[in-house]
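Working notes, structure below.
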Amino acid sequence: MFNKPIIFFDGVCNLCNASVQFVIAHDKKDQFSFSAIQGELAKEVLPKFKVDPGELNTVMLLAEGKLYTKSSAALQIAKKLSGAWPLLYGFIIIPKFIRDWVYNIIAKNRYKWWGKEESCWVPTPRLKSKFYP
C-alpha cells in the first residue's frame with residue numbers, strides 16, 4: 001500500500017511534535033513517513049482499521065498492513081531507530097495492558113504537561129517529503 005511505515009501523530013500536541021522530530025533525527029535509514037491524525041491521509045486510511053481519527057490520543061504506526069497503537073507503536077518505532085533506541089523494544093515482554101496503562105497516563109496529560117498548538121506543526125521544506133497531507 002505505502003512504500004514506508006507511516007507514523008500517525010497528533011499534529012497539535014507539543015509532545016507528539018517533539019517525538020516526530022526525535023524520530024526524524026534518529027531515523028538514519030529514512031524508514032518512516034508521517035501524517036498528522038488531523039490530516040487527509042488519516043481520515044482516509046484509519047477508518048479502514050475501524051479507527052476514528054477524531055477520537056484519538058495515541059501515536060499509531062501503519063507498517064506492512066498492520067496498525068500498531070499506543071505502547072506497541074512506540075516500541076515498534078524505537079526498534080527501527082539508530083543508536084541504542086532499539087534496546088527499548090525489550091519492553092515488549094511487559095504485558096500490553098501494563099505498557100498501555102503507563103502510555104495512557106502520559107497521553108491523558110500530554111496537553112497539560114507539554115502544551116498544545118493552535119494548528120499542526122509544519123515541517124521545513126527539506127522535511128516536507130516525509131509527510132503526507
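Position 1 is the first residue of the sequence; numbering continues from there.
The line from OG1 of T58 to OH of Y103 is 3.5 Å long, rounded to the nearest 0.5 Å. Atom CZ of F91 and atom OG of S72 lie 14.0 Å apart (nearest 0.5 Å). Going from atom CD1 of I77 over to atom CE of M60 covers 10.5 Å, rounded to the nearest 0.5 Å. L41 contributes atom CG, which lies 9.5 Å from atom OG of S33 (distance to the nearest 0.5 angstrom). Interatomic distance, I7 CD1 to F32 CZ, rounded to the nearest 0.5 Å: 4.5 Å. Summarising the geometry, atom CG belonging to L67 is positioned 12.5 Å from atom NZ belonging to K48; distances are rounded to the nearest 0.5 Å.
Remark: A73 pairs with V59, L61, Y68 by the side chain to side chain contact (heavy atoms under 4.5 Å, CB included) rule, at least two apart or across chains. For W85, the side chain to side chain contact (heavy atoms under 4.5 Å, CB included) partners two or more places apart in sequence, or in a different chain, are F22, H26, L81, L88. Here K43 pairs with E40 under the salt bridge (charged side-chain N to carboxylate O under 4.0 Å, His left out) rule; sequence neighbours left out. For I93, the side chain to side chain contact (heavy atoms under 4.5 Å, CB included) criterion is met by no residue, not counting sequence neighbours.
Side-chain contact between V23 and F34 is present, with heavy atoms from C-beta onward closer than 4.5 Å.
Across F9 and Q38, no two heavy atoms sit closer than the pair O-OE1, 3.9 Å. The shortest non-hydrogen separation linking A63 to P5 is CB-CB, 3.9 Å. In terms of heavy atoms, A42 sits closest to A36 at CB-O, 3.6 Å.
Applying the salt bridge (Lys or Arg N to Asp or Glu O under 4.0 Å) test to every pair with at least one member in residues 78-104, sequence neighbours left out, gives these pairs: K96-D100.
Both F97 and I92 belong to a common hydrophobic cluster when Ile, Leu, Val, Met, Phe, Trp and Tyr are linked at side-chain heavy-atom distances under 4.5 angstrom.
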